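Lettering follows sequence order; numbering is per chain, from 1. Note that this is a predicted model, so its numbers are computed, not measured.
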2 protein chains.
Amino acid sequence: MKTKEHKIPEATIKRLSTYVNYLGRLGTDSNPVISSEILGESCQVSPAQIRKDLSYFGEFGVRGVGYDTKKLEAEIKDILGINHNWPTTVVGVGKLGQALLNFDFFRNHGFRIITAFDSDPNKIGTEAANGVTIQSISNIEKCVREEKISIGIITTPVAAAQDVTDKLVDGGIKGILNFAPIKVKVPETVTLRNVSITSELDNLAYLLTQKKR
Amino acid sequence: MKTKEHKIPEATIKRLSTYVNYLGRLGTDSNPVISSEILGESCQVSPAQIRKDLSYFGEFGVRGVGYDTKKLEAEIKDILGINHNWPTTVVGVGKLGQALLNFDFFRNHGFRIITAFDSDPNKIGTEAANGVTIQSISNIEKCVREEKISIGIITTPVAAAQDVTDKLVDGGIKGILNFAPIKVKVPETVTLRNVSITSELDNLAYLLTQKKR
DNA sequence: GTTATGCTGTGATAGTTATCACATTGTTGC
DNA sequence: GCAACAATGTGATAACTATCACAGCATAAC
């Protein structure tokens with residue numbers, strides 16, 4: 001992979017994620033090769049867009065032929081870095097936290113959940129769905145440091161989100177995926193992504209309202 | 001609200017959602033008025049961006065003063081259409097589905113969940129967390145039509161997503177929020193939004209990988 | 001070997017979105 | 001009533017992103 005020095009649009013990264021997802025399913029033995037046109041149909045992206053997205057990172061296809069399905073999948077995984085194995089923790093073991101603890105694809109996307117935290121005394125000490133023991137929020141900093149946890153996933157209520165973030169940061173966390181509908185603050189050294197389900201809801205509401213007029 | 005005939009950027013809608021979220025919390029009695037600068041600090045958006053976003057829909061502030069906090073909140077809610085009360089269903093009552101059934105903010109964002117569907121015989125007939133009875137997937141079309149359900153939220157596995165989508169569409173659904181990591185196909189008359197948690201994971205993985213280099 | 005074919009890779013172009021700078025206008029104090 | 005002030009609203013500009021059209025290159029056919 002030869003990464004070029006251009007700045008990559010975030011939309012490109014999002015689409016690469018889609019491509020790799022479909023490549024995993026399309027890449028049967030009967031489809032060893034795939035063209036940007038066919039992949040584009042599945043992903044609902046124009047062929048030119050796919051080629052442009054890939055061109056930021058190098059040349060992966062064969063002109064006149066197309067892309068080796070399995071090889072392209074591996075290349076994109078390499079670009080995205082989902083072949084890593086980051087020690088991960090989930091903070092907030094409500095329904096959403098439990099859902100995430102159960103998601104198989106965490107493992108397939110480079111994350112290994114090794115601990116979970118909650119503030120509810122009834123939950124602390126019990127085992128979460130995938131065999132991980134739930135610990136007290138007050139242990140976060142110590143545990144993150146000792147277990148060298150890289151990624152924190154926040155699924156607490158809004159009120160706790162910033163406090164929990166600070167504890168993760170103090171422990172030396174590298175990245176945070178925040179599901180609480182608040183923009184938590186982190187130092188520049190920490191990578192942060194906010195996932196806002198409420199904003200998706202609002203967006204849908206907006207689109208529907210528009211259509212009615 | 002005077003809607004102008006420009007096309008509104010999707011990013012603007014996403015930010016409006018953030019604004020309304022913060023306005024609800026910032027708008028105490030001691031803060032009856034707020035400036036774009038102060039709101040921008042909380043939302044981590046530039047003041048100019050906020051004013052531009054609002055200008056697509058009209059004039060809501062007072063020059064030299066700022067915005068009436070409560071009034072602006074109401075105006076944005078009106079723009080987004082989150083003051084409606086759409087009958088909503090959740091299809092797929094796994095952990096994620098349960099998490100969504102429990103989310104308070106559904107109600108606060110214009111959605112009223114009145115039914116839930118699942119294919120698991122052990123779940124059918126039982127009551128989901130918020131008092132909604134879980135029905136069989138095979139009832140979707142009939143139920144959507146009879147109960148005049150407007151919104152479908154899909155939290156099934158990938159394999160079932162398109163089938164369930166078709167059933168919702170046949171029943172006359174108006175909008176779909178899809179959490180399955182596949183781009184389901186719907187006719188143009190149906191409004192669709194895909195929420196891809198996997199793509200958020202991939203994006204975080206990418207950012208972390210970049211930082212390491 | 002030569003030509004025809006087909007799909008990639010990419011520079012140029014068009015379109016979209018964010019930023020900037022300032023004109024505008026309501027408010028306050030005298 | 002007038003001047004000074006403060007924060008909005010917006011046209012102009014810059015930055016970014018997607019689309020297009022075709023050159024480039026590997027393959028296949030003859």
Classify the ring geometry of B:F111 against B:F106: parallel below 30°, tilted from 30° to 60°, perpendicular beyond 60°.
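Because their plane-to-plane angle is over 60°, the rings of B:F111 and B:F106 count as perpendicular.
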
Starting from [atom2] on [N], measure out to [atom1] on [X] and report it in whole angstrom.
X: A:D68; N: C:dC7; atom1: CG; atom2: P; answer: 16 Å
X: A:I38; N: C:dC7; atom1: CD1; atom2: C1'; answer: 12 Å
X: A:K14; N: D:dC16; atom1: NZ; atom2: P; answer: 20 Å
X: B:Y19; N: D:dT8; atom1: OH; atom2: C1'; answer: 14 Å
X: A:E59; N: C:dC7; atom1: CD; atom2: C1'; answer: 13 Å
X: B:Y56; N: C:dA18; atom1: OH; atom2: P; answer: 7 Å

Salt-bridge criterion met for A:K14 and A:E10 (N-O under 4.0 Å):
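Between A:E10 and A:K14 there is no salt bridge, as every charged N stays at least 4.0 Å from the carboxylate O atoms.
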
A:E75/A:K71 salt bridge by N-O under 4.0 Å criterion
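No, this pair does not count.
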
Backbone of A:G175 reached by a side-chain donor or acceptor of A:R193 within 3.5 Å
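Answer holds: no.
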
Just by modelled atom types, is the B:G92 backbone N or O under 3.5 Å from a matching donor or acceptor in the B:T155 side chain?
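Yes; at least one donor-acceptor contact below 3.5 Å.
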
Side chain to side chain, B:L26 and B:I34, heavy atoms closer than 4.5 Å:
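Yes, close enough: below the 4.5 Å cut-off.
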
Quick one: closest heavy-atom pair of [X] and [Y], and the distance?
X: B:L101; Y: B:A128; answer: CD1-CB, 3.6 Å
X: A:Y22; Y: B:K183; answer: OH-N, 2.9 Å
X: B:T165; Y: B:K185; answer: CG2-O, 3.9 Å

DNA chain D: A:E10 or B:S35, which has the more 5' nearest nucleotide?
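Whichever sits nearer the 5' end wins; that is B:S35.
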
Identify, residue by residue, the members of residues 40-53 of chain B with a heavy atom below 4.0 Å from DNA chain D, and return them in order of residue number, or none.
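Contacts with DNA chain D under 4.0 Å: B:R51, B:K52.
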
Tell me whether the OP1 or OP2 atom of D:dG9 has a side-chain N or O from B:Y67 closer than 4.0 Å.
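It does, given that an N or O in the side chain of B:Y67 lies less than 4.0 Å from OP1 or OP2 of D:dG9.
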
For every nucleotide of nucleotides 25-30 of chain C, 5' to 3': is a protein heavy atom under 4.0 Å from its base (B), only from its sugar-phosphate (S), or from neither (-)?
BBS---

